[in-house]
Amino acid sequence: MSASADTTKSLAQTSKDQIPLTSVEAAALASSTVSDTRNPQAASSDASRGQSAAAAPSAAELASTKITLLGALKHFPDFPIPGIQFIDILPLFQDPVIHTALLRALELQILEFGEHAKPDVVVGLDARGFLFGPSLALRLNASFVPVRKTGKMPGPCVTAAYEKEYGTDFFQMQEGAVKPGQKVLVVDDIIATGGSAAAAGSLVKQLGGELMGYLFILEIPFLNGRSKLDGVQTVTLLETDE
Ligand SMILES: O=P(O)(O)OC[C@H]1O[C@H](OP(=O)(O)OP(=O)(O)O)[C@H](O)[C@@H]1O
Ligand SMILES: Nc1ncnc2[nH]cnc12
């Protein structure tokens, strides 16, 4: 597993002035440089002493945050079917300090789309894109709109079939959920083969949205999911080594 050096540099360059850190965020990022990042009490006591809150995140701290996030992921061979190495992102949400650091790092990653490239709508994919999509949308003062598996939402919907790493499925969006011309950022936990993300992108376009880009927590590069995304700008926080 590795965190991209380019991304780390970019985060460090952009983070200092453009989006001020709250004290909790600073504590979350700074606390990830120490070994007890699984201990939220340690971070909050740092924040209450005002030590971490004063410090802007350095490149080293951001790189360390990525290592912490990678270290929190769990790996399950042969799930949900034989031959799949399943990477579980749920532990990122079990610890409030890691959860906060994740959201902050994702928010900083969005700056890679350009200084003024703020989405009107964050679209999150069923189901793991729902874990952080709404929080991110709030931080960006954007709407949140879900893409759901078929049959879950009422009213008229647009539908797209797709293939993913371990099966086929259908995605839907509600008509009118994205207005024509709105700038849309599609977010999900993992890009593997890219089938799910490509289907979500096609739904956004069917609704008349302007697909600004894709943002993922984790990429599995050997599956080459980006090749399905028609060159639309794609940013990932972490990637696997395999
Ligand atoms: O790049 P792909 O090969 O398309 O795979 C990535 C998708 O697979 C997983 O979702 P899954 O369909 O397992 O649904 P879940 O979030 O409901 O578990 C993951 O959360 C992505 O959405
Ligand atoms: N290998 C994998 N681990 C977790 N989620 C996935 N979605 C698609 N491929 C996956």
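Remember, it's a predicted structure, so these values are computed and weren't measured experimentally. Atoms within a ligand are numbered from 1 in the order they appear, just like the ligands themselves.
- We find that Glu210 and Lys205 are not joined by a salt bridge, their nearest charged nitrogen and carboxylate oxygen being 4.0 Å or further apart.
- More than 12 heavy atoms of other residues, nucleotides or ligands shown are found within 6.0 angstrom of CZ on Phe93.
- Salt bridge annotation for Lys152-Asp126: absent, with no cationic side-chain nitrogen under 4.0 angstrom from a carboxylate oxygen.
- Closer than 4.0 angstrom to ligand 1 sit non-hydrogen atoms from Asp126, Ala127, Arg128, Lys149, Lys164, Glu165, Tyr166, Asp188, Asp189, Ile190, Ile191, Ala192, Thr193, Gly194, Gly195, Ser196.
- Residues Thr193 and Lys228 meet the side-chain proximity criterion, which asks for heavy atoms closer than 4.5 Å.
- Taking the six-membered ring for Trp, Tyr162 and Phe171 have ring centres closer than 6.0 Å.
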For ligand 2, run through the N/O pairs with the protein that fall under 3.5 Å and put one pair on each line.
residue: ligand 2; atom: 1 (N); partner: Gln85; partner atom: O; Å: 3.0
residue: ligand 2; atom: 1 (N); partner: Glu165; partner atom: OE1; Å: 3.0
residue: ligand 2; atom: 3 (N); partner: Ile87; partner atom: N; Å: 2.9
residue: ligand 2; atom: 5 (N); partner: Arg128; partner atom: NH1; Å: 3.1
residue: ligand 2; atom: 7 (N); partner: Tyr166; partner atom: OH; Å: 3.2
residue: ligand 2; atom: 9 (N); partner: Glu165; partner atom: OE1; Å: 2.5

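- Under 4.0 Å is where a charged nitrogen must lie from a carboxylate oxygen, and between Lys74 and Asp88 no such pair does.
- Counting only N and O atoms by type, the side chains of Thr159 and Gln172 include a donor and acceptor under 3.5 Å apart.
- Between Phe86 and Phe76, the distance separating the two ring centers is not shorter than 6.0 angstrom.
- By the neighbour-count criterion of 12 heavy atoms within 6.0 Å, atom CG of Asp78 is densely surrounded, having more than that number from other residues, nucleotides or ligands.
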